[in-house]
Amino acid sequence: MAGIIRPVKGTRDFYPELMAQRMWLYNRIRAVSESYGYQEWEAPMIEALELYAAKSGEELVKEQAFVFPDRGGALLTLRPELTPSLARLIAQRARELPRPIRWWSFGPFWRYERPQKGRTREFFQWNIDLLGSASIVADAEIASIGAGLLAALGLTSQHIVISVNSRRLMEARVADLGVRAEERPKVFRLLDRLDKLPADKWAAEGTQLGLSDQQLAGLQLLMQDREQWRSSPELTAFFDTCSALGTREWFDFDPTIVRGLDYYTGMVFEARDRDGEFRAILGGGRYDNLVADVGGDPITGVGFAMGDVVVQLVLEKYGVLPKLRAAPADVLVTVFSAELLPASAALAHALRAAGLRAELYPEADKLAKQLKYADRLAIPFATVLGPDEVAESNVTIKQLASTTQLKCVLTAAPQALLRLRDGAA
RNA sequence: GUGCCUGUAGCUCAAUCGGCAGAGCUCCGCCCUGUGGAGGCGGCUGUUGUGGGUUCAAGUCCCAUCAGGCACCCCA
């Protein structure tokens with residue numbers, strides 16, 4: 001079978017089992033999002049390239065986006081992220097949307113990267129945002145929703161920590177060290193890599209940015225000060241609100257979290273497994289200038305994104321991924337012979353009309369084979385309609401798990417099966 | 001874009017020092033002509049990723065190429 005065309009690099013095939021997992025994740029996301037009063041929305045999956053030029057990181061667009069011309073020559077992009085689309089939708093109806101705006105979304109995204117563990121080229125991402133409120137309560141609510149989902153998936157704060165920092169606090173502390181405003185984005189990126197680079201290389205890069213040895217030493221001290229949040233009204237209010245919202249245990253202050261994206265203006269946070277084995281499960285923060293940057297009226301915002309790939313790995317690691325073996329049907333209607341196929345088809349119809357999920361075997365075949373099929377699909381019941389049953393206007397109902405079977409009047413079969421199904425469940 | 005590892009049956013993998021390409025699972029048939037899971041017996045499946053080189057002899061060694069995985073970069 002060398003002739004099978006391989007799937008496109010970095011994509012995943014969702015066989016029914018995997019699809020069930022994806023829908024399980026989606027349903028949990030929807031339940032948690034809706035429990036906080038957020039509305040689902042969706043944007044196009046192809047957008048004009050210009051939409052991303054305004055704000056996304058240079059690398060994200062130039063090197064990680066799928067870009068292609070349409071037949072007229074205009075450059076289109078398979079969306080690599082959702083936030084620019086969000087900014088557009090908000091900007092288009094800025095005056096009419098009641099504020100605060102609470103929206104969530106779950107859909108596919110594409111990035112042209114080298115696939116590896118926890119990273120694919122096609123992935124699904126949950127985005128949730130709260131716009132139009134500058135209150136720290138909004139930040140705490142968004143972050144708490146992230147914790148709420150992790151809990152809904154079966155994880156606990158023993159497994160996961162959501163690390164929190166404030167760009168504002170870091171800005172002030174870095175300014176105290178004498179770093180000019182225009183250099184701070186580069187300094188933040190340097191801070192982001194403190195634990196990723198060997199000490200001497202890190203210092204060399206810092207020197208190259210024009211930082212003195214004294215400033216570099218100051219930055220390192222800054223990264224070690226785990227208690228400095230106590231002097232930040234923003235962070236103390238954040239943690240207090242999380243306490244009130246019942247999610248405090250998930251959060252830790254971590255000065256090394258600054259996040260790579262330039263558009264964050266206040267709180268930033270990311271969730272990781274406590275062993276630090278995987279990359280971030282989710283990440284986000286406050287972005288008060290974003291909508292204005294794409295040409296809309298200024299509106300504040302806070303939100304985060306969570307990809308489906310890493311969270312899947314984390315769930316597997318901690319063994320909390322449910323074994324989803326949902327049977328596709330409640331009952332398999334077997335076909336005894338070609339002559340009796342219409343009778344079986346009619347039975348299947350009657351079962352469906354009664355609200356049962358009934359699967360009709362598509363042809364006459366050995367009963368052994370048909371029952372084996374039901375067994376492999378975990379279908380709990382099977383009906384047998386052979387000459388004996390037809391002669392008596394009966395049908396045999398077999399419960400596969402218990403290997404028991406009973407005969408009942410054909411017309412009573414739907415009710416009997418409903419009772420058996422609901423009794424079994 | 002940089003580096004490392006791996007390509008053998010539909011799937012997971014063996015094959016000693018270079019010496020006849022194998023096993024388990026799956027699938028199909030039978031044991032069992034109206035009843036599934038377990039068991040027994042039998043059967044199908046291969047240009048060893050591709051191209052070249054060395055050798056009496058290459059899955060095995062060498063070169064190239066393609067594909068996949070992992071790490072860096074970046075990020076969900």
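So you know, we letter chains A, B, ... as the sequences are listed, proteins then strands, and number each from 1. Fair warning: this is a prediction, and the values are worked out from it, not measured in the lab.
- For B:C4 and B:G43, the C1' atoms lie 43 Å apart once the distance is rounded to whole Å.
- For the C1' atoms, the distance linking B:G7 with B:G29 amounts to 34 Å, nearest Å.
- Between the side chains of A:E234 and A:S166, at least one donor N or O lies within less than 3.5 Å of an accepting N or O.
- A:S402 and A:T404 form a side-chain donor-acceptor contact under 3.5 Å, judged by distance and modelled atom types alone.
- A donor and an acceptor atom sit less than 3.5 Å apart, one in the side chain of A:E113 and one in the base of B:A76.
- One cannot find a donor-acceptor pair under 3.5 Å joining the base of B:G68 and the side-chain atoms of A:Q116.
- Using atom P as the reference point in both B:G34 and B:A15, the two lie 49 Å apart (nearest Å).
- Heavy-atom neighbours of A:Q39 CD from other residues, nucleotides or ligands within 6.0 Å: at or below the threshold of 12.
- Using a cut-off of 4.0 Å between Lys/Arg side-chain N and Asp/Glu carboxylate O, A:D308 and A:R12 are scored as salt-bridged.
- An aromatic stacking contact between A:Y373 and the base of B:G36 is absent, as defined here by ring centres under 5.5 Å apart and ring planes under 30° from parallel.
- A:R279 has its CZ atom 11 Å from the P atom of B:A76, to the nearest Å.
- For the 3.5 Å distance criterion, the side chains of A:E389 and A:T396 qualify, holding a donor opposite an acceptor.
- Residue-level contact check: A:Q312 touches neither bases nor backbone, having no heavy atom under 4.0 Å from any strand.
- Residue A:D388 is in base contact, counting any heavy-atom pair closer than 4.0 Å across all strands shown.
- In this model, no donor atom of one side chain and acceptor atom of the other lie less than 3.5 Å apart for A:Q405 and A:Q399.
- Remark: the separation of the P atoms in B:C32 and B:G37 is 14 Å, to the nearest Å.
- Annotation for A:Q208: atom CD does not count as buried by contact number, only 12 or fewer foreign heavy atoms lying within 6.0 Å.
- Between A:K9 and B:G68, a side-chain N or O to OP1/OP2 separation shorter than 4.0 Å is present.
- Side-chain proximity of A:D375 to B:G36, B:C75, B:G69: nearest is B:G36.
- B:C73 atom P lies 16 Å from atom CZ of A:R111, rounded to whole Å.
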Exercise for review: Show your reasoning for whether salt bridge (Lys or Arg N to Asp or Glu O under 4.0 Å) applies to A:E270 and A:R272.
Suggested key: CA-CA 7 Å; A:E270 65 181 42; A:R272 291 181 165 276; 3.1 Å; yes
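- At whole-Å resolution of the value, CD in A:E277 and C1' in B:A71 are 14 Å apart.
- A donor N or O paired with an acceptor N or O is found under 3.5 Å between the base of B:G3 and the side-chain atoms of A:R114.
- No engagement by A:V310 is indicated, since no non-hydrogen atom pair under 4.0 Å with the nucleic acid exists.
- Positionally, the nearest nucleotide of RNA chain B for A:V8 lies more toward the 5' end than for the other of A:V8 and A:F124.
- Checking B:U35, B:A71, B:G37 against every side-chain atom of A:T403, the shortest atom distance belongs to B:G37.
- No side-chain donor-acceptor contact under 3.5 Å links A:W104 and A:E40.
- Computed from coordinates, the A:I397 CD1 to B:G36 C1' distance equals 17 Å when rounded to whole Å.
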Show each protein N/O and nucleotides 38-45 of chain B N/O combination with a separation under 3.5 Å, one pair to a line.
none

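- In this structure, A:Q399 atom CD and B:U35 atom C1' are separated by 15 Å, rounded to whole Å.
- Distance check on atom C1': B:U54 versus B:C63 gives 11 Å, rounded to whole Å.
- Among the heavy atoms of the strands, none lies under 4.0 Å from A:F109.
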Parsed dot-bracket for RNA chain B after applying the Watson-Crick and G-U rules with both distances under 3.5 Å and | for other-strand partners is (((((((..((((.....[..)))).(((((.......))))).....(((((..]....))))))))))))....
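- Here the separation of B:G42 from B:U47, taken at their C1' atoms, is 28 Å to the nearest Å.
- With hydrogens and angles ignored, no donor-acceptor pair under 3.5 angstrom links the side chain of A:R119 to the base of B:A76.
- In this model, a donor atom of one side chain and an acceptor atom of the other lie less than 3.5 Å apart for A:N127 and A:Q125.
- Nucleotides B:A58 and B:G18 are separated by 7 Å at their C1' atoms, to the nearest Å.
- In summary, the side chains of A:Q228 and A:R173 do present a donor paired with an acceptor at a separation below 3.5 Å, with no hydrogens or angles considered.
- Across all strands shown, A:A280 has heavy atoms under 4.0 Å from sugar-phosphate atoms exclusively, and none from any base.
- Both A:A401 and A:M306 lie close to RNA chain B; mapped to their nearest nucleotides by heavy-atom distance, the more 5′-ward contact belongs to A:A401.
- A straight line from CG of A:L367 to P of B:G37 spans 13 Å, rounded to a whole angstrom.
- Rounded to whole angstrom, the span from the CD atom of A:E205 across to the C1' atom of B:C72 amounts to 14 Å.
- For A:Q405 against B:U35, a side-chain N or O and a base N or O form a donor-acceptor pair under 3.5 Å.
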Using the rule given for salt bridge (Lys or Arg N to Asp or Glu O under 4.0 Å), can you reason through A:K407 versus A:D388, listing the C-alpha separation, both sets of side-chain angles and the distance that settles it, and then say yes or no?
CA-CA 11 Å; A:K407 272 191 186 178; A:D388 298 350; 5.4 Å; no
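- Going from atom CZ of A:R272 over to atom P of B:C75 covers 12 Å, rounded to whole Å.
- The phosphate of B:C74 (OP1 or OP2) has no side-chain N or O of A:Q64 nearer than 4.0 angstrom.
- When only modelled atom types and interatomic distance are considered, A:Y373 and A:E359 share a side-chain donor-acceptor pair under 3.5 Å.
- Nucleic acid contact class of A:K117 (heavy atoms, under 4.0 Å, all strands): sugar-phosphate only.
- Residue A:K117 qualifies as open at atom NZ: its count of foreign heavy atoms under 6.0 Å is 12 or below.
- When only modelled atom types and interatomic distance are considered, A:Y38 and A:E141 share a side-chain donor-acceptor pair under 3.5 Å.
- B:A71 and B:U55 have their P atoms separated by 42 Å, with the value rounded to a whole Å.
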Nucleotides 29-33 of chain B: which of its N/O atoms have a protein N/O under 3.5 Å away?
from: B:C30; atom 1: OP1; to: A:K366; atom 2: NZ; distance (Å): 3.1
from: B:C30; atom 1: OP2; to: A:K366; atom 2: NZ; distance (Å): 3.0

